[in-house]
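Down below is the structure, laid out as structure tokens.
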Amino acid sequence: MESETKELEKKQPKESNESTTSTADSVSKANDLGFNGRLAFAIAASALGSSFQHGYNTGVLNNPAKIIEQWINATKTERDTVIPSQENITLIFSFMVAIFCVGGMIGGAITGFVAERFGRKGGLLLNNILVLLAVICMSSSKAAASYELIILGRFFIGINSGLNAGLAPMYLAEISPVNLRGAVGTVYQLVITISILIAQVVSLRSILGTESHWPILLGLTIIPAIFQMVTLPFCPESPKYLLLSRGRDLEAQKALSWFRGTLAVHDEMDGMRAEYDAMKLVPKVTVRELITNNALRIPLIISLTVMVAQQLSGINAVMFFSTQIFKMAGLNDANSTYATLGMGGINVCMTVVSLFLVEKAGRKTLLLIGFAGMAIDTALLTISMAFAGQSQAIGILCVIFVLVYVIMFATGPGSIPWFLVSELFNQAARPTASALAVCINWTANFLVGLAFLPLAQIMGAYVFIIFVILQCLFLLFIYKKVPETKNKSLEEISAMFRQQSYQ
């Protein structure tokens, strides 16, 4: 009788809510196995070698900016025998910084194709070819007297980072037990914050941020790629990819047993097989299907909005103003730099805290707390910055508000969007949806970088009012539309959206 019930569950995954709940319960029992050494190894192999590129190359040009601009000036002068204008040098350096985001947009856009063609693990491994090309270009640029090589290298590493932003969270979500999926997904953002901090430290003038050592600084990004190439081949491909995309049942079961550290994975495999049977009844999900199908359009809108919210929350603006704010508080240039490093350290610590909170408080709760806290804090920061020049005490308040802002961002908005996309879609739609979401995230990042400086010059500290308004709008959207996915199987979440589409 029990076997007949299971068979009915496989054949009617869409029509019966009870079958979905039953499958989720059995998967939950299997997932009580929890954390183990093999899973930890796979998380480190996939996350350290991928999200490190994202974070490190985001922050590596900040400290040595003046030195690199001087080198561009000298190179262009020698090449053209005419001294270039400062505006020309600034334009070249700005393009050097921005091309990273353009590459990220392209990498995000092709995530779906790479994830399905080469697999999650296979895509991550092949992606390291771009790191090698980037390192060759960037580290040889000074010897070749070509700033164009840095631009080309930044473009390659941008594509790499865009692909990583889609592939790594997808792999992490698919290898994780339900009860650890949020915590494991947070690891991606954690490594980003750690790598940004490392980039800030090693690029100090006292370390590698010097006239002779900055090419080495840019070439260090090869280290995490080597780490991934050595470690990730020992890990299996995603069990869900093996079964649902390739139909390899036995290989999927072996991979799942490896990740769980036990052969007792029958219940979880039954849940995956039920999803596989359901997938056979529906056509392959395309971008058009995502937009036209109500059951897919709702989670797509949620995913894209949360990704845009992360970038338009103002985090890059606060980071940009941080050194200036610290100077307002009476700190000199050197101390302001170290205070900025301290802010990066707080970002890392709070991301670690969110790793533990996300499975206890839930995704939606942490997003609401984060955006509400940022809205209040950014409003207070705007008022304080308007009067910061009148009193050192107000300057110190500005510093406090910056640190509180970083804490609020790291609590949820910094990490949750990266893995929420993988939670909201089933196997058939996940690659395409992830590609769109990551591409939108990098596009928003690029637009903020492009528009913020001109707006800041026009509005001064009052530029933060724009972010206060946006944060309030995103807060309202999250409260109304974003579902709680804590401790829910991917099949349960898909069923929830199907129900909403029928209402």
Side-chain angles (χ1 to χ4, degrees), residues 108 165 169 173 182 185-186 189 287 290-318 354 357-358 361-379 381-382 405-425 429-430 432-448 451-452 463-486 488 492-494 496-503:
T186 304
Q189 176 67 15
V287 174
L290 281 174
I291 296 170
T292 56
N293 186 330
N294 275 344
L296 296 174
R297 186 169 62 244
I298 296 169
L300 180 67
I301 291 170
I302 292 170
S303 299
L304 298 185
T305 305
V306 172
M307 281 294 198
V308 170
Q310 184 196 59
Q311 291 299 331
L312 298 189
S313 65
I315 183 63
N316 293 328
V318 171
S354 74
L357 286 178
V358 71
R363 286 72 155 145
K364 183 172 183 174
T365 303
L366 291 185
L367 283 173
L368 289 172
I369 291 172
F371 276 100
M374 284 192 294
I376 296 169
D377 183 78
T378 308
L381 177 62
T382 305
Y405 180 93
V406 171
I407 290 170
M408 290 293 106
F409 178 79
T411 299
S415 57
I416 291 172
W418 292 117
F419 66 86
L420 187 66
V421 181
S422 293
E423 290 190 329
L424 295 182
F425 292 93
R430 193 175 300 129
T432 308
S434 293
L436 283 174
V438 172
C439 185
I440 287 293
N441 184 283
W442 282 92
T443 303
N445 187 1
F446 176 71
L447 292 176
V448 170
F452 176 70
V463 70
F464 288 107
I465 293 174
I466 297 172
F467 296 115
V468 174
I469 295 168
L470 289 171
Q471 288 159 3
C472 290
L473 291 174
F474 291 135
L475 179 67
L476 183 63
F477 178 86
I478 292 165
Y479 178 73
K480 293 282 189 181
K481 298 296 182 181
V482 177
E484 181 54 72
T485 57
K486 181 182 74 170
K488 289 182 180 178
E492 265 188 298
I493 296 166
S494 295
M496 175 181 63
F497 285 121
R498 283 198 298 271
Q499 283 183 340
Q500 287 184 18
S501 68
Y502 294 142
Q503 292 174 357

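- When every heavy atom of Val463 is checked against every heavy atom of Phe452, the shortest pair comes out as CG1-CE1, 3.8 Å.
- The aromatic rings of Phe464 and Phe467 sit tilted, their planes meeting at an angle between 30° and 60°.
- In terms of heavy atoms, Ala429 sits closest to Leu296 at CB-CD2, 4.0 Å.
- The minimum heavy-atom distance between Tyr405 and Gly314, with the atom names listed, is OH-C, 3.2 Å.
- Heavy-atom minimum distance, Leu366 versus Thr411: CD1-O, 3.6 Å.
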Take Trp418 and Thr186, measure what side chain to side chain contact (heavy atoms under 4.5 Å, CB included) needs, and give me the verdict at the end. CA-CA 8 Å; Trp418 292 117; Thr186 304; over 6 Å; no
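- Taking each heavy atom of Thr292 and Arg297 in turn, the nearest pair found is O-NH1, 3.3 Å.
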Tabulate below the donor-acceptor pairs under 3.5 Å that side-chain atoms of residues 471-478 make, not counting sequence neighbours, or state none.
{"from": "Gln471", "atom 1": "OE1", "to": "Ala375", "atom 2": "N", "distance (Å)": "3.2"}
{"from": "Gln471", "atom 1": "OE1", "to": "Thr378", "atom 2": "OG1", "distance (Å)": "3.3"}
{"from": "Gln471", "atom 1": "NE2", "to": "Ser313", "atom 2": "O", "distance (Å)": "2.5"}
{"from": "Gln471", "atom 1": "NE2", "to": "Thr378", "atom 2": "OG1", "distance (Å)": "3.4"}

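- Scanning all heavy atoms of the two residues, the minimum distance from Ala361 to Thr365 falls at O-OG1, 3.1 Å.
- Separation of atoms CD (Glu484) and CG (Leu368) is listed at 9.5 Å; rounding is to 0.5 Å.
- With rounding to the nearest 0.5 angstrom, the NZ atom of Lys486 is 8.5 Å from the CZ atom of Arg363.
- Looking at Lys488 and Glu423, no side-chain N of the basic residue comes within less than 4.0 Å of a carboxylate O on the acidic one, giving no salt bridge.
- Note that CD of Gln310 and CG of Leu367 are 10.0 Å apart. Values are rounded to the nearest 0.5 Å.
- For the atom pair Leu424 CG and Ile301 CD1, the distance stands at 12.0 Å (nearest 0.5 Å).
- Rounding to the nearest 0.5 angstrom, the gap separating the OG atom in Ser354 from the CD1 atom in Ile407 is 12.5 Å.
- Within the 4.5 Å cutoff, the side chain of Pro483 has no heavy atoms near those of the Lys364 side chain.
- Rounding to the nearest 0.5 Å gives a distance of 11.5 Å between CG of Asn445 and CD1 of Ile315.
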